[in-house]
Colleague: 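Let me give you the structure first, and then I'll get to my questions.
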Amino acid sequence: MTKIHVTTTVNGDPVEFLADPRETLLDALRNHLDLTGTKEGCGTGDCGACSVTVDGTLVCSCLMLAAEADGKAVETIEGMAGEELHPLQRKFIEHAALQCGFCTPGILVAAKALLERNPDPTDTEIRFWLAGNLCRCTGYDKIIRAVQDAAAEMRGAA
Amino acid sequence: MARDEIKTGYKLIGTRPNRPDGLDKVTGRARYGADFSLPGMLWAAVVRSPHAHARIKKIDMSKAMALAGVKAVITRADLPTGLTGEDLNLQDNTLAGDKALYDGHAVAAVAATSALVAQDAARLIEVEYEILPHVIDVDAAMAPQAPVIREGVADYSVPEGMHPNVSRYIEFGHGDVEAGFAAADIVREQTYKTEATHQGYIEPHACVGQMGEDGRGEMWVCTQGHWYIRRMCASVLGIEAANLRVTPSEIGGGFGGKTTIFMEPLALALSKKAGGRPVKLVMTRSEVLRATGPTASASMDVKLGMTSDGTITAGQIYFRMQGGAFPGMSPIGEALPCAFACYDIPALRHEAVEVIANRPKAAAYRAPGSPMAAFAVESLVDEMCRELKLDPIEVRLKNGARNGSKSSYGPVYNVIGLQETLEAAKAHPNYQIPLGPNQGRGVASGFWFNHGGETSVSLAVGEDGTATVSVGTPDIGGSRASLALMVAECLGIAYENVRVNIVETGALGVNEPTHGSRATFASGKAAVAAARQAIAEMCRRAAADWGIDPEAVEWKDGAAHPAGPNAGKFPPMTIGEIGAKMGSTGGPISGHHEVTAEGVGASFGTHVVDVEVDPETGRTTVLRYLVVQDAGTAIHPAYVEGQYQGGAAQGIGWALNEEYVYGPDGRLQNAAFLDYRIPVASDLPMIDTVIVEVPNPGHPYGVRGVGETGITPPLPAIAAAVAGATGARIRSLPLSPPKVLAAIKDARKG
Amino acid sequence: MRYHKPTSFADAAAIAAATTGTLRFLAGGTDVLVQMRAGMVQPDDLIDLKHIPDVDQIRQTSDGGWQIGVAVPGIVLGAHPGLTRDWPGVVEGMNLVGSTQVQGRATLAGNLCNGSPAADSVPGMIAAGARVMVTGPNGQRDMAVEHIPAGPGKTNLAKGEVISAILLPPRGRHGGDAYLRFIPRTEMDIAVVGCAISLRLDGDRITEARVALGAVAPTVILSEAAAQAIIGTNLNDAALHALAQAAEASTKPISDKRGTVEFRTEVAGVLARRTAKIAYDRAKGQGK
Amino acid sequence: MARVHLWASLRRFADGLDVVEVEAATVGQMFDALERAHPGLAPAINAGLSVAVDGEIIANNRAAPVAPNSEVYLLQRLKGG
C-alpha cells in the first residue's frame with residue numbers, strides 16, 4: 001500500500017513520517033513518533049483521551065487522518081510543560097484530580113484549550129467543555145476544582 | 001488474634017502530599033499497557049464471533065496466511081488440550097472451541113507486521129458458523145424452554161431438577177422467618193432487576209507478550225494482578241508459571257475488570273508461533289465491551305416484615321444472577337451476604353441461583369454483587385419507610401448493624417462504623433435542604449467485606465537512609481502514596497524519602513491482585529511489618545555499635561535511641577547514619593513480610609442524593625450528592641475522597657443510564673461509549689464527602705479498604721429519590737428516561 | 001485506500017465520478033473515521049475536500065443570506081457573530097454534535113451527508129429553509145436540505161455529486177429559530193428526538209413557521225401540520241397544545257436502543273412546545 | 001468440640017445437619033474433620049471456603065486457631081473487585 005509522506009510540526013519540532021492513508025493522527029503520534037502520552041480509549045471520538053490541538057483547535061486525534069496533519073502544527077501533552085509544569089498540570093497533582101491517570105493527558109490538553117479561550121469559566125462551562133473527556137475514576141469533582149484553581153492562578157499571574 | 005494498638009496523632013498519616021506518580025501522569029510519560037514496544041514487535045488482531053451462540057464448523061485461514069506481513073494465525077487447535085475446571089473455562093473464553101458462546105467470543109487471532117495488516121488479515125479469516133438458539137435474559141435462561149448453552153455446568157451445589165443452565169445454588173439464613181413476618185405490621189414483597197454494566201475503565205486491555213519455542217516468556221500488561229495473569233496464562237498455555245515473567249504497566253482503571261485474563265494468552269501463543277517475536281495486542285473499545293467481563297445481570301425477589309415503628313422483623317431474598325456463558329462468574333456468593341449486611345435482623349433467609357446465558361464471561365466489578373443486592377433490599381426498605389411515613393435514616397439507625405451485632409452472614413461485627421455514617425448523614429446540611437417541585441431525596445446504606453489476601457512486600461534501606469518498598473499490588477487509585485505515607489510514618493522519615501515500586505512477578509512472592517479494597521490494607525499491613533523488621537535490624541546495628549543490648553534500643557523519629565537512662569548515653573543514630581555504614585555493620589538492611597492478610601475491617605457507607613425529574617421527558621438530574629463512609633483511618637484523605645466520589649459516580653451511571661442492550665439476535669447493540677452511557681462531566685454535581693474514621697483494630701494504622709462500598713448505595717438511593725420526585729417506584733435499572741416517563745404516566749393513572 | 005486532495009469541486013466530482021469502488025468524502029471526518037474504525041466501511045477512495053479554496057469560509061451573500069463552506073467546523077460556526085445572530089437555531093443544532101473536540105472538526109455538510117435521521121444540525125437547517133449547492137460531473141445545481149437525506153445512511157446525491165456549500169436564506173425581520181433535542185445524558189449522546197422551529201412574527205402573531213423533527217422517522221420530517229398549528233396564533237396554550245399534537249401525529253418512529261415509539265412520539269410533542277417558545281421569544285427579541 | 005454451622009444448601013451433603021461438631025485445633029483440621037465425617041462436603045471445601053471463627057472472619061488461613069468451644073460459620077470464599 002502506498003504510504004503518504006507527512007511533514008508537520010509537533011510541539012514545535014518539525015517532523016516527517018510515512019503514514020498509511022488509513023492511519024489516524026493518533027496512530028502516527030503513538031506509533032511513528034513515539035509520543036505515547038496521547039491515549040486511545042475508544043477510537044470513536046467518545047472519550048477524549050486522544051485530545052490534541054491542531055493549529056490551535058482542540059480535536060480528537062483518533063478522528064483525524066495522519067495525512068490531514070500535513071502542514072499543520074500539532075500540540076500534545078508532551079509539549080505542555082516547559083521547564084516548569086503548566087499550572088494545570090501542577091494543580092491536577094495537588095488536587096488529586098487523577099487516579100489511574102489514563103484520561104489525564106486528554107483532560108489537561110482540553111482544559112488548557114478552554115482556559116486559552118475563557119480564562120474565568122464557571123463550573124458549568126468547565127463541565128460542558130470537558131464533557132467529551134470521560135473519566136471513570138474521579139467522578140470529576142476534583143478535576144473541576146483543579147481547573148478552577150489553575151485558572152485562578154493563571155489570572156493572577158497574567 | 002493479636003491486635004495492634006491503634007495510635008493517633010500521626011505525623012504523616014492523614015496528610016495530603018503529592019502522589020509519587022503524579023508527575024509522570026500529568027506529562028504523558030507514565031507507561032500504560034499499550035505504551036510499551038519492543039524491537040521486532042508484531043501486532044495482533046482477533047477474529048470474534050458475530051453470533052450469540054453458534055457452532056464453529058470451519059475456519060479457513062488460507063487467505064489471511066497469504067497476506068504479506070502475516071506471521072502467525074492461531075485457533076483453538078493451537079492451544080493444549082486436557083484442561084479442566086476453571087482452567088478450561090479460561091481457555092474456552094480465550095479462544096472458542098466447538099462453539100462460540102456469545103457475541104464477541106474470540107475465534108482466531110493473527111499477528112502481523114503492523115496493526116493494519118493484522119486487521120486486514122483478521123477480515124480475511126473465514127469462519128463458517130451454524131447458528132444455535134441463544135438466551136440472554138437471566139430469568140429466560142432458566143425457564144423450561146431455554147436452550148441449553150453448555151452441558152455439565154452445574155457444580156456440587158445445584159439440587160437436582162433445576163434447568164441445565166443453572167450452575168450454582170446457595171441457601172443460608174438464621175432465625176424463624178415465618179414467625180418474624182407474623183410479628184410484623186406490614187409485610188411487603190417485590191421483584192427487582194438490574195442490567196449488566198461494564199466497569200468502563202478508559203484504558204482498553206493491552207499487552208505485549210513474548211514467548212520462545214522453549215516455552216519461556218515475558219509479558220508487559222495492564223492488570224490489577226500480574227501473578228493472576230501469570231498463573232492463568234500458564235494454565236491456558238500449558239507452561240510452567242516460573243517460566244513466565246509478568247511486569248505490570250501503569251493501569252488505566254480496572255474496578256475488578258482487570259483481575260483476570262481475556263486475551264493475554266493469545267499474544268504469547270502468537271509470539272511462539274511467530275518464532276518468538278514479541279506481539280502487541282490492544283483491544284478496541286468495542287472488543288472491551290463485547291468480550292471482557294461486565295458484571296452480572298440480576299433478578300431479585302425481596303420480602304421484608306416491618307412493625308409500624310420501623311422495626312424490621314424478618315427478611316427473605318431469592319436472587320437470580322447470570323454471569324455470562326461460564327459458571328462461577330456471577331457474584332451470588334457475595335450478593336447474598338451483602339444483602340442484609342447493614343442490618344441486625346432476627347430472622348433471615350437467603351437463596352440464590354446462578355445461571356449461564358449467551359453473554360461475555362463476567363468479571364468482578366467494584367463490590368461485586370453488593371450494588372444489586374442493595375438495590376433490591378434498600379429499595380424495599382425505602383418503600384416501606386415511605387408507606388409508614390418513617391424517616392429512612394431513623395429506620396436504619398434503629399435496625400442498623402453495630403459493634404457486636406451478629407452479621408446477616410454469620411460473623412460478629414467487631415468494630416464497625418455504620419451507625420456513625422448514619423448519624424453524620426443525618427447531621428449533614430444536605431439532609432436539611434428543602435426540596436422543590438419534581439425533586440426528591442433518597443437515602444441508602446451500603447456494605448463491603450473488604451479483603452486481605454496473599455501479600456508479599458519487601459523493603460530495603462538505602463545507603464542514604466531512604467527506603468525502597470517493593471509491592472505486588474498495582475496502583476489504581478493512589479496506593480503508592482498511601483503506602484509511602486505508612487512506611488514513612490513507621491520509619492519516622494520524610495514521605496519523599498520512601499519510594500514505592502510495583503514490581504514484576506520475579507521480584508516477590510505471590511500477590512493477589514489489587515482487588516477487594518485490599519492494596520492499602522494488605523500491602524500496607526505487610527509494608528509496615530517489613531518496615532518494623534528493618535527497624536529491628538537497625539536497632540541491632542546501633543546496639544552493636546554502642547555495645548549495648550538490642551532490647552535497650554528504641555526507634556523514634558527516624559533514629560535509634562538508647563531506650564532509657566540505664567541503656568547508656570549515646571546520641572541518636574539516624575537511619576541515614578545506619579544506612580551509610582550498613583556495608584561494614586553486617587550488610588544490606590531490608591525487611592520482608594509475607595502473609596495471607598487477615599483482620600479486615602468491614603466497610604459501611606450511607607449516601608444521600610437529591611434529584612430532579614423532568615415530568616415531561618422522564619430525565620433525571622442529580623442535584624446534589626453526599627457520600628458518608630467509614631475509612632477506618634484515612635491515610636491520604638484526598639484519595640479516600642476520590643474513591644468515594646468515583647464509586648458514587650459509577651453507581652449513578654448504573655442507576656440512570658448504563659446497561660447492556662441486546663437485540664433479538666443476541667448481539668450487543670451498544671458496544672461503544674456513544675451508547676454505553678457512562679456519566680460525563682456535565683452530568684454530575686460536585687460529590688460531597690464525609691470521611692468517618694472508626695479505626696480497624698486489624699490494621700496497624702486502623703485502615704479499612706475504601707474502594708468498593710461507594711458504588712453500592714447510589715442504585716437504591718437514586719431510585720428512592722426518583723420515587724420521591726415523581727411518585728413512581730421503578731424496580732428495574734437503569735432508570736432510563738423512557739422507563740421513568742412510562743412509570744410517571746402509570747402512577748398518574750393510579 | 002487512495003487519499004485524494006483535489007483543489008476544486010470540479011476535480012472532486014471528477015474523481016468521484018471515475019471511481020468504481022467504495023467512495024467517501026472527507027470534510028470533518030468525524031463520521032467517516034468512526035465507520036472506518038468499526039470496519040463498517042473500507043473506502044477505496046477518500047476525497048479530502050479541505051484543500052479546495054474557501055471551504056473554510058463563512059460569508060454573507062448579496063441578498064443577506066449566508067454561504068457556509070463545507071469544511072467549516074462547528075466551533076467556527078458557533079463563534080461567528082453574524083450567523084449566530086441570524087440563525088441561532090442552526091448554530092445550536094450544529095454545536096450539539098459531539099464533544100468540544102468533535103466540534104473542532106465536524107461540519108454541517110458532513111452531518112447532513114452522513115444521512116443519520118438523528119443528525120442534530122439537519123432539523124435546524126431544514127426549518128431555516130436552507131439549501132445546498134451541489135457540484136457534479138455535469139455542473140452545479142442547488143437542492144433544499146430536506147431533499148438530501150434518502151434514509152438512514154443514504155442521500156439523494158447522484159454518483160459523482162458533492163455538496164459544495166450550504167446556503168442559508170436571509171433571516172429577515174421578526175424571525176427566530178431554535179433547536180432542542182432530547183438525550184439521556186447532558187452531552188455526548190445521539191438525539192432520541194430533535195426539533196427545530198423557525199418562525200416569523202407580525203406583532204405577536206406568527207405569520208410563517210417551519211417545524212422539523214429529527215430521529216422520529218427514517219429522515220428528518222418537515223411537518224406542515226405542525227407549522228399550521230401555530231401559524232396565525234400568538235403561541236398561546238391552545239396553539240402549543242395543537243402544535244404538540246400535530247408534531248406527535250407526524251412522527252413515524254421506531255423503538256431501538258435509544259428510545260421507544262411511545263417515548264419518541266410523546267417527547268416530540270414536548271420538544272415542539274419547548275422549541276416553539278424559544279423561537280418565539282427570539283423572534284420577539286430580535287431587533288431590540 | 002467446635003460447632004461448625006453449615007449454610008442451608010450444604011446440609012444435604014451432611015445428612016441434613018445444620019451444625020456439625022468436630023474435634024479441631026485449627027481451621028485446616030476443622031475442614032479435614034468435616035470432610036471425613038461428611039465426604040459429600042468435599043467439593044464445597046475444595047472449591048475454597050472462608051470461615052468465621054467466634055465472629056472473626058478467616059478468609060484463607062488453615063493455621064488459624066479453633067478453640068474447643070468455638071462457633072464456626074462456613075462462608076463462601078470472599079474476594080472483591
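Keep in mind it's a predicted model, so treat the numbers as computed, not measured. Each chain gets a letter, A, B and so on, in the order the sequences are listed, and its residues count up from 1.
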Colleague: Using heavy-atom distances under 4.5 Å, tell me whether A:Leu114 contacts chain C through its side chain, its backbone, both, or neither.
Modeller: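 Looking at A:Leu114, nothing touches chain C.
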Colleague: Ignoring hydrogens and angles, tell me if any N or O in the side chain of C:Asp45 forms a donor-acceptor pair with the backbone of C:Thr19 under 3.5 Å.
Modeller: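 Answer holds: no.
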Colleague: What residue in C:Arg185, C:Met36, C:Arg37 has the most heavy-atom pairs under 4.5 Å with chain A?
Modeller: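 The option with the most such pairs is C:Arg37.
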Colleague: Counting neighbours of NZ on C:Lys50 that are heavy atoms of other residues, nucleotides or ligands and sit closer than 6.0 Å, is the number greater than 12?
Modeller: yes
Colleague: Please classify the contact between A:Thr57 and chain C as side chain, backbone, both or neither, with a heavy-atom cut-off of under 4.5 Å.
Modeller: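 Interface part for A:Thr57: side chain.
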Colleague: Apply side-chain hydrogen bond (donor to acceptor under 3.5 Å, both in side chains) to A:Thr53 and A:Glu75, showing your working.
Modeller: CA-CA 5 Å; A:Thr53 61; A:Glu75 295 283 337; 5.7 Å; no
Colleague: Quick one: which of C:Ile75, C:Val32, C:Leu46 has the most heavy-atom pairs under 4.5 Å with chain A, could you say?
Modeller: C:Ile75
Colleague: Out of C:His51, C:Arg2, C:Gln42, C:Met188, return the one with the most heavy atom pairs under 4.5 angstrom to chain A.
Modeller: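 Heavy-atom pair counts peak at C:Met188.
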Colleague: Given heavy-atom pairs under 4.5 angstrom as the criterion, report whether the side chain, backbone, both or neither of A:Asp55 touches chain C.
Modeller: neither
Colleague: Going through the checks in order, is the salt bridge (Lys or Arg N to Asp or Glu O under 4.0 Å) test met by A:Glu153 and A:Arg90?
Modeller: CA-CA 11 Å; A:Glu153 182 184 297; A:Arg90 195 157 29 77; 2.6 Å; yes
Colleague: Could A:Arg127 and A:Asp123 be called an ion pair, given the rule that one side-chain N must be under 4.0 Å from one carboxylate O?
Modeller: no
Colleague: What do you reckon, is NZ of C:Lys159 surrounded by more than 12 foreign heavy atoms closer than 6.0 Å?
Modeller: yes
Colleague: For each of A:Val59, A:Leu130, A:Thr44, tally heavy-atom pairs with chain C at distances under 4.5 Å, and name the one with the top tally.
Modeller: A:Val59
Colleague: Under 4.5 Å heavy-atom distance to chain C, tell me which part of A:Ser61 shows up: side chain, backbone, both or neither.
Modeller: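 Contact with chain C: none, neither part.
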Colleague: Inspect the contact between C:Lys5 and C:Asp11 and indicate whether a charged nitrogen and a carboxylate oxygen are less than 4.0 angstrom apart.
Modeller: no
Colleague: Give, as side chain, backbone, both or neither, the part of A:Cys50 having an atom under 4.5 angstrom from any heavy atom of chain C.
Modeller: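 For A:Cys50, no heavy atom lies under 4.5 Å from chain C.
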